[in-house]
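Numbering of ligands and ligand atoms starts at 1, following listing order. Being a predicted model, the structure only gives us computed values, none of them experimental.
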Amino acid sequence: MPGEPTAARLAAEEALGRLVRDVPDFPQPGIVFKDITPLLADPEGFRAVVAALAEAGRDADGRPVVDKVVGMEARGFIFAAPVALALGVGFVPVRKAGKLPGETHAVSYALEYGEAVLEVHGDGLVPGERVLVIDDVLATGGTARATVELVGACGATVTGMAFLMELSFLPGRATVGDVPLTVLTVV
Ligand SMILES: O=P(O)(O)OC[C@H]1O[C@H](OP(=O)(O)OP(=O)(O)O)[C@H](O)[C@@H]1O
Ligand SMILES: Nc1ncnc2[nH]cnc12
C-alpha cells in the first residue's frame, strides 16, 4: 500500500523537476524530448534519482527482493547499473540488435519515434530469477514490453519496473500490463 513518500523519493522528484530539459521537435517534429543530461551532470540529483529507483527493489525493511537488475540500452544503462550496485545484485544489459556476442533472444518493438530490435543473452538470467527493470522514460511502453518478453524468454520474471518519467499522454502503462510499476514523476 503506498504510504508517505520517502525522503529519497521527494529528493528525486525535486531533482527531476529542476534538471530534465524539454527539447521540442527532437528527434522528429512533434516530439518533445525529455533531455536527462542536466540531471546526469548534477551528482546530487543523479544520486537522489538512483536512490529512489533502488527502493523499487527492496521490501519495507530495506531488504533486496530481486535477483537481477535489467537496463535497456542506452539511457537505461546509466540508471540500472548503479541501482544494481545499490541493491547488491547483478546487472544484465538489454541491447539493441547485433551488440551482444553470445547466443541471444531477440524481440522487435516500436517506440515513440521509431522501431528497433532488442536482445538479451540467453544465459544472462537464470530461470526463476526475479528481475527489476529500470529505464529513464516510459512513453509508448514498446521498449518496456519487449524487455518483459526478453526476460520471460530467459525463464525469469519481471517483478517490478521503475522509470524516472512516465509520459501521461501515451499508453505505456497499459502496454506493459500488470507488472508493478514505479514512476518517479508523471509528465
Ligand atoms: O516507451 P517507448 O516508446 O518504448 O520509449 C521509451 C524508450 O525510448 C528511449 O530510448 P531510445 O530507444 O530512444 O534509446 P536511447 O536510450 O539509446 O536514447 C528511452 O530511453 C526508453 O528506452
Ligand atoms: N519524449 C521522449 N523523450 C525522451 N525519451 C523518449 N523516449 C521515448 N519518448 C521520449
Side-chain angles (χ1 to χ4, degrees), residues 12-13 15-42 45-46 48-50 52-54 56-57 68-84 91-100 104-121 124-125 131-154 158 160-187:
E13 284 174 21
L16 289 164
R18 191 164 47 86
L19 295 166
V20 175
R21 176 165 62 189
D22 280 2
V23 181
D25 299 320
F26 181 88
Q28 306 174 356
I31 302 289
V32 178
F33 190 81
K34 299 289 176 185
D35 177 17
I36 56 166
T37 59
L39 172 73
L40 301 179
D42 183 297
F46 190 8
V49 165
V50 169
L53 291 170
K68 291 276 167 53
V69 174
V70 163
M72 299 83 121
E73 186 175 358
R75 280 174 272 154
F77 292 176
I78 297 168
F79 300 97
V83 166
F91 165 71
V92 176
V94 161
R95 297 214 61 180
K96 289 174 182 160
K99 299 286 188 180
L100 289 170
T104 61
H105 299 291
V107 172
S108 54
Y109 69 105
L111 70 165
E112 198 186 1
Y113 38 70
E115 284 179 28
V117 174
L118 286 177
E119 295 184 339
V120 69
H121 271 148
L125 294 162
V131 172
L132 174 65
V133 174
I134 300 281
D135 205 356
D136 63 336
V137 175
L138 177 64
T140 66
T143 305
R145 187 157 112 171
T147 302
V148 172
E149 269 185 59
L150 290 172
V151 170
C154 294
V158 177
M161 299 188 111
F163 301 85
L164 276 61
M165 285 168 274
E166 176 182 6
L167 305 190
S168 59
F169 52 91
L170 288 170
R173 192 170 275 270
T175 305
V176 293
D178 62 3
V179 178
L181 218 60
T182 298
V183 297
L184 301 183
T185 187
V186 180
V187 292

Inset, instruction - Under the side chain to side chain contact (heavy atoms under 4.5 Å, CB included) rule, what do Lys96 and Leu118 come out as? Steps first, then yes or no, please. - result: CA-CA 5 Å; Lys96 289 174 182 160; Leu118 286 177; 4.0 Å; yes
[X] to ligand 1, any heavy atom closer than 4.0 Å:
X: Ala144; result: no
X: Arg145; result: no
X: Glu73; result: yes

Inset, instruction - Could you tell me which residues satisfy side-chain contact (heavy atoms from CB on, under 4.5 Å) with Asp35, sequence neighbours excluded, listed by chain and number? - result: Arg21, Val23, Phe33, Thr37, Pro38
Legend entry - Under-4.0 Å heavy-atom contact with ligand 1, by part of Arg75 that carries it: both
Inset, instruction - Could you check if a side-chain atom of Phe79 sits within less than 4.5 angstrom of a side-chain atom of Leu39, using non-hydrogen atoms only? - result: yes
Inset, instruction - Could you tell me whether the side chain of Val49 reaches within less than 4.5 Å of the side chain of Leu164, counting heavy atoms only? - result: yes
Legend entry - Minimum heavy-atom distance Glu119-Leu100, with the two atoms named: O-CD1, 3.5 Å
Inset, instruction - Can you see which heavy atom on Val50 is nearest to which on Val83, and at what distance? - result: O-CG2, 3.8 Å
What protein heavy atom sits nearest [atom], and how far off is it?
atom: atom 12 (O) of ligand 1; value: Leu111 CD1, 3.0 Å
atom: atom 21 (C) of ligand 1; value: Asp135 OD2, 3.2 Å
atom: atom 5 (O) of ligand 1; value: Ala139 CB, 3.6 Å
atom: atom 17 (O) of ligand 1; value: Lys96 NZ, 2.8 Å

For ligand 1, which atoms sit closer than 4.0 Å to a heavy atom of [X]?
X: Val137; value: 6 (C), 21 (C)
X: Ala74; value: 15 (P), 16 (O), 17 (O)
X: Thr140; value: 1 (O), 2 (P), 3 (O), 4 (O)
X: Tyr113; value: 8 (O), 9 (C), 11 (P), 13 (O)

Below 3.5 Å, can you tabulate the donor-acceptor pairs from side chains in residues 179-187 to any protein atom, sequence neighbours excluded?
none

Inset, instruction - Answer yes or no: are there more than 12 heavy-atom neighbours, outside Glu115 itself, under 6.0 Å from its atom CD? - result: no
Inset, instruction - Would you indicate whether Arg145, at its atom CZ, is surrounded by more than 12 heavy atoms from other residues, nucleotides or ligands within a distance under 6.0 Å? - result: no
Inset, instruction - Inspect the contact between Arg173 and Glu166 and indicate whether a charged nitrogen and a carboxylate oxygen are less than 4.0 angstrom apart. - result: yes
Inset, instruction - Run down the list Asp136, Leu170, Thr143 and name the one with the heavy atom closest to atom 20 (O) of ligand 1. - result: Asp136
Inset, instruction - Assess whether side chain to side chain contact (heavy atoms under 4.5 Å, CB included) is satisfied between Val133 and Val148, documenting all intermediate values. - result: CA-CA 8 Å; Val133 174; Val148 172; 5.6 Å; no
Legend entry - Which residues share a ring pair (Phe, Tyr, Trp, His ring centres under 6.0 Å) with Phe163, sequence neighbours left out: none
Which N or O atoms of ligand 2 sit under 3.5 Å from a protein N or O, and how far apart is each pair?
residue, atom, partner, partner atom, Å
ligand 2, 1 (N), Val32, O, 3.0
ligand 2, 1 (N), Glu112, OE1, 3.0
ligand 2, 3 (N), Lys34, N, 2.9
ligand 2, 5 (N), Arg75, NH1, 2.9
ligand 2, 7 (N), Tyr113, OH, 3.2
ligand 2, 9 (N), Glu112, OE1, 2.4

